[in-house]
Amino acid sequence: MQDALPALVLNSEALPQHTMDETPASQATPASPRGADATGVSDERLMLAFSQGSSEAFTELFSRYKQPIYGFFRRRLAEPAHAEELTQETFLALLRAATRYQPRALFRTYLYAIGFKILRAHRREAAFRGSAALLKNSIPSTARFSCCGNLNS
């Protein structure tokens with residue numbers, strides 16, 4: 001059941017073009033507290049239903065939170081493409097963790113915690129790539145290509 005769900009998230013035809021660049025009027029301000037949308041079902045109940053196999057529950061959670069999670073990343077990253085990629089990673093992590101979900105806190109808190117961990121990993125990886133590039137550039141070119149390691153040859 002869950003194997004088919006990532007295709008829903010990753011399938012570009014399932015979402016209109018530039019979905020994450022535009023804020024729909026219906027999601028600009030939350031209509032009701034605790035994540036209960038027009039359906040009247042709380043986010044926590046939807047996540048519990050999804051953890052028991054309901055793909056409709058995931059679809060509803062995704063439609064409620066795709067824009068806010070994208071905005072979370074967009075405010076923290078310079079590249080919109082990176083924000084979109086990390087949004088996808090967040091929902092994929094949610095898919096993978098569905099069976100372990102325990103409603104100890106608000107679903108929103110749970111989802112943003114996943115997003116924050118993904119953002120930290122992204123920044124750590126970017127810092128590592130940057131420091132590796134600096135280290136590579138700081139080694140003298142003769143030392144890099146010397147077969148013996150002797151700089152005086």
Side-chain angles (χ1 to χ4, degrees), residues 1-139 144:
M1 178 64 153
Q2 289 183 351
D3 293 336
L5 291 176
L8 171 71
V9 177
L10 296 175
N11 188 354
S12 61
E13 295 171 6
L15 300 173
Q17 287 290 351
H18 307 293
T19 303
M20 295 185 182
D21 294 336
E22 302 165 0
T23 303
S26 65
Q27 291 183 356
T29 57
S32 56
R34 296 206 32 103
D37 204 0
T39 61
V41 180
S42 73
D43 296 337
E44 293 77 21
R45 288 192 185 269
L46 285 171
M47 187 61 194
L48 285 172
F50 171 60
S51 69
Q52 296 171 355
S54 171
S55 62
E56 294 83 16
F58 175 78
T59 302
E60 178 63 27
L61 286 170
F62 181 72
S63 68
R64 288 182 188 185
Y65 285 98
K66 66 183 174 188
Q67 189 64 39
I69 292 295
Y70 173 75
F72 170 80
F73 289 121
R74 188 64 188 104
R75 286 185 298 275
R76 289 159 178 83
L77 298 169
E79 293 292 322
H82 288 152
E84 201 161 330
E85 180 181 328
L86 296 185
T87 300
Q88 292 290 325
E89 283 185 40
T90 300
F91 283 101
L92 286 174
L94 182 66
L95 287 168
R96 286 187 217 108
T99 57
R100 297 184 309 270
Y101 176 73
Q102 295 291 321
R104 293 184 220 151
L106 293 175
F107 169 77
R108 176 183 205 89
T109 304
Y110 179 72
L111 184 62
Y112 277 91
I114 292 171
F116 186 71
K117 287 178 184 178
I118 288 173
L119 178 64
R120 264 195 351 229
H122 172 77
R123 287 181 172 166
R124 201 170 36 243
E125 183 180 308
F128 177 75
R129 281 187 304 228
S131 64
L134 286 175
L135 181 62
K136 181 180 175 184
N137 292 336
S138 68
I139 299 172
R144 273 190 274 166

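Please read these numbers as outputs of a predicted model, since none were measured by experiment. Below, each value reflects all heavy atoms present in this structure, side chains not excepted, and no hydrogens, waters or symmetry copies.
- If you take CG on L86 and OH on Y70, they are separated by 11.0 Å, rounding to the nearest 0.5 Å.
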Go through R74 and T87 one step at a time and tell me if the side chain to side chain contact (heavy atoms under 4.5 Å, CB included) criterion holds. CA-CA 9 Å; R74 188 64 188 104; T87 300; over 6 Å; no
Run the numbers on L46 and E56 for side chain to side chain contact (heavy atoms under 4.5 Å, CB included), then give the verdict. CA-CA 9 Å; L46 285 171; E56 294 83 16; over 6 Å; no
Please list, one pair per line, the donor and acceptor atoms closer than 3.5 Å that link side chains of residues 101-124 to other protein atoms, with sequence neighbours excluded.
unit_1, atom_1, unit_2, atom_2, d
R123, NH2, R76, O, 3.3

Run the side chain to side chain contact (heavy atoms under 4.5 Å, CB included) check on F72 and T90 step by step: do they pass? CA-CA 11 Å; F72 170 80; T90 300; over 6 Å; no
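- Between S55 atom OG and E60 atom CD the span is 12.5 Å, to the nearest 0.5 Å.
- Summarising the geometry, atom CG belonging to L95 is positioned 12.0 Å from atom OG belonging to S51; distances are rounded to the nearest 0.5 Å.
- Atom-to-atom distance recorded for L48:CG and E44:CD is 8.0 Å, nearest 0.5 angstrom.
- In this structure, F73 CZ and H82 NE2 are separated by 12.5 Å, a value rounded to the nearest 0.5 Å.
- Here I69 contributes atom CD1 and E89 contributes atom CD; the two are 13.0 Å apart, rounded to the nearest 0.5 Å.
- Between F62 and L94 the shortest side-chain heavy-atom distance does not fall below 4.5 Å.
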